[in-house]
There are 2 protein chains.
Amino acid sequence: MVSIADVAKKAHVSKMTVSRVLNHPEQVSTEISDTVQRAINELGYVQQRAGRALATSRTYTIAFVMLDEVSNVDPYFGQLITYVSDFLYQEGYNLELHRSLDDHFHDIDGILVSGARATDKAKLNALTFPIVAYGNQSEFASVDVDNKLGTMLAKQHLIMCGYQHLIYLGIDLNEQFVVERLNGFKAIETPDYMTETIYQLPNSDKEARQLFNSITLPPLTGVVAASDRLALGTLYSCYDKRLAVPNDVGIVGFDGIFINHLSPLDLTTIGQPLQKIAQKMVQTLLSAISSNHQNIRQSVIPPTLLQGETTTKLAD
Amino acid sequence: MVSIADVAKKAHVSKMTVSRVLNHPEQVSTEISDTVQRAINELGYVQQRAGRALATSRTYTIAFVMLDEVSNVDPYFGQLITYVSDFLYQEGYNLELHRSLDDHFHDIDGILVSGARATDKAKLNALTFPIVAYGNQSEFASVDVDNKLGTMLAKQHLIMCGYQHLIYLGIDLNEQFVVERLNGFKAIETPDYMTETIYQLPNSDKEARQLFNSITLPPLTGVVAASDRLALGTLYSCYDKRLAVPNDVGIVGFDGIFINHLSPLDLTTIGQPLQKIAQKMVQTLLSAISSNHQNIRQSVIPPTLLQGETTTKLAD
DNA sequence: TTGTACGCGTTATCAC
DNA sequence: GTGATAACGCGTACAA
């Protein structure tokens, strides 16, 4: 195990100089810096976390708290955790995965949380670590996709395509992102020639399918679904009823992770830029950790419309 | 930050005694042990990894190397990593997520790897850490679902249900698990009255759908698919062709993670016991780490048949 | 610009 | 059965 002392000896300098080359390069003359760098390379030295952790009383470990039920949630989790882990690793941090806010948190520098509901706020407030949430959380720093913009893009797209009637299929939850998605839909003006209906359901393809099977769709209906799961249920119902997608019915989902490609037709959907979200979460958290003060700021990342096979520009 | 010294002072003993209470309780008298325990509880002391790491020259960090493309793979990854992380955490270990064997591994105690192909063996051999793989790897310790048993169960199930013709839809890859699944199918004798056909495809629902759309199925065909993704494509083709599932065609998938529930009909499938797999992987790795010698052993976990809506006991 | 001395929390060694 | 001491690798305060 090659340590900083080995490098120091090889470069004929003190340990401190080596440490400075690593942490405060500007304080070291270029000449010595070069010598030290060469020694580092030749010996294959890599900084050990334990020593640094002990000296700085930082653990270089971040807890990622996944509150959604992994087996039920849209499979964004695997992607998000992967990106988060990548960015953390680049900064020399480790990841510790938790699935409950009741865990005993210690030996960490900060917390990333995903899937926090309004009811979790008390527990989050009780924690003394810097926190960054995925999803709008007014009391904490958070990063979220621009949910409102997403459904605005979706509705606009359906109007442009030439669908004649609009349905918004929302989620039946009292959560911020749900409200925002609905707001986005409402924010785009519905042309006079179109009708518009709004439904709210649990986020389940089976529920969506059942709903659509129980109602009659006007010709050329365009559906804005608040999730790909709901969009999938909508599509299934169209199959059940022998309605042609995208020519009789147009469907736009929301999320753009996995489900949209697994569907019998690729879903047109609003894609969440998970990589950018992960990056922003890590950036925000690490800067809160090093600046030692929570900057309660909500960052919002714009989504993009991913064209699939469930919408098309209709002939006049 | 309450340290071992604080506990020692409060319990009127030396730091060493506290350390022994934590690590070698048998060397401490019950009386003193109780006193120390009380002090620990009252102060809310928790052992800090950094110090322990430094003293033991272990990092208490495990690298999990995910070689499958997260965005493409069946979403078992989120589940597996969650379980693995849980078990590691219980043992005081941290998780570090990697996605390539070309990363520079250091500052870790061992490696868990998922999705390793035959072509990765050289790189794995070059690593000096204890390694446990998910999926059969003859040269390393590995944990895998009993793939052969899985397809045996699937075929047996279709025969019992009363389907008259069998199709095995395999994966077109030269990998151990693929071979095993095919072997399982072959291991169950096909009754004289049944025909049997074998296909091999890339693991893609679209490919499976296309294949089935291009062939004519005998009545009462039972399909054993080597993955839920292939099963899904098979089901889509049945929809395309207006064949009734499960009455005209029976389908059994393999994996039982997410996709089976997202399908228009819940898939009958062979469920991978991911929690048990994760547990075994962690157990095996940690014991290799503490015993300091790789025990190259292949563990195999039996899967179970999950009854869904794509098979049914047919009337005679 | 560079070096010395010390401390971070824990455990191993060795003495008692 | 228990305690004193040194050691692990690194960074900071301070001195030169």
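Quantities reported herein were computed from a predicted structural model and do not represent experimental measurements. In what follows, chains carry the letters A, B, and so on, assigned in the order in which the sequence lines appear, proteins first and then strands, with residues in each chain numbered from 1.
We find that NZ of K9(B) is positioned 20 Å from C1' of dT2(D), with the value rounded to whole Å. In this structure, Y60(B) atom OH and dC8(D) atom P are separated by 17 Å, rounded to whole Å. Between M16(A) atom CE and dA15(D) atom C1' there is a gap of 13 Å when expressed in whole angstrom units.
Not one side-chain nitrogen or oxygen of S3(B) sits closer than 4.0 Å to the OP1 or OP2 atom of dC8(C). OP1 or OP2 of dG11(D) has not a single side-chain nitrogen or oxygen of T56(A) nearer than 4.0 Å. Dashed line: the shortest gap from a side-chain N or O of Y45(A) to OP1 or OP2 of dC10(D) is under 4.0 Å. Listed pair S19(A) / dG11(D) meets the phosphate criterion, a side-chain N or O lying under 4.0 Å from OP1 or OP2. Residue H24(B) places no side-chain N or O under 4.0 Å from the OP1 or OP2 atom of dG1(D). An OP1 or OP2 oxygen of dC10(D) is reached within less than 4.0 angstrom by no side-chain nitrogen or oxygen of N23(A).
A donor atom on one side chain and an acceptor atom on the other are not found under 3.5 Å apart for T59(A) and D107(A). Counting only N and O atoms by type, the side chains of N125(A) and E139(A) include a donor and acceptor under 3.5 Å apart. Side-chain contact annotation: Y93(B) with R49(B), donor-acceptor N/O pair under 3.5 Å absent.
Distances from the side chain of R52(A) to the nucleotides dC8(D), dC8(C), dG11(D) place dG11(D) closest. Relative to the side chain of K15(B), the nucleotides dA4(D), dG7(C), dA6(D) differ in distance, and dA6(D) lies closest.
Between F64(A) and F77(A), the angle of the ring planes lies from 30° to 60°, which puts this pair in the tilted group. Note: Y134(B) and Y76(B) have perpendicular aromatic rings, judged against thresholds of 30 and 60 degrees for the angle between ring planes.
Donor-acceptor pairing under 3.5 Å, judged by distance alone, is present between the side chain of R20(B) and the base of dG3(D).
As judged by a 4.0 angstrom heavy-atom cut-off over every strand, I32(A) is placed among residues touching the sugar-phosphate backbone only. Residue contacts for T17(A): at a heavy-atom cut-off of 4.0 Å it reaches the sugar-phosphate backbone alone, with no base atom in range.
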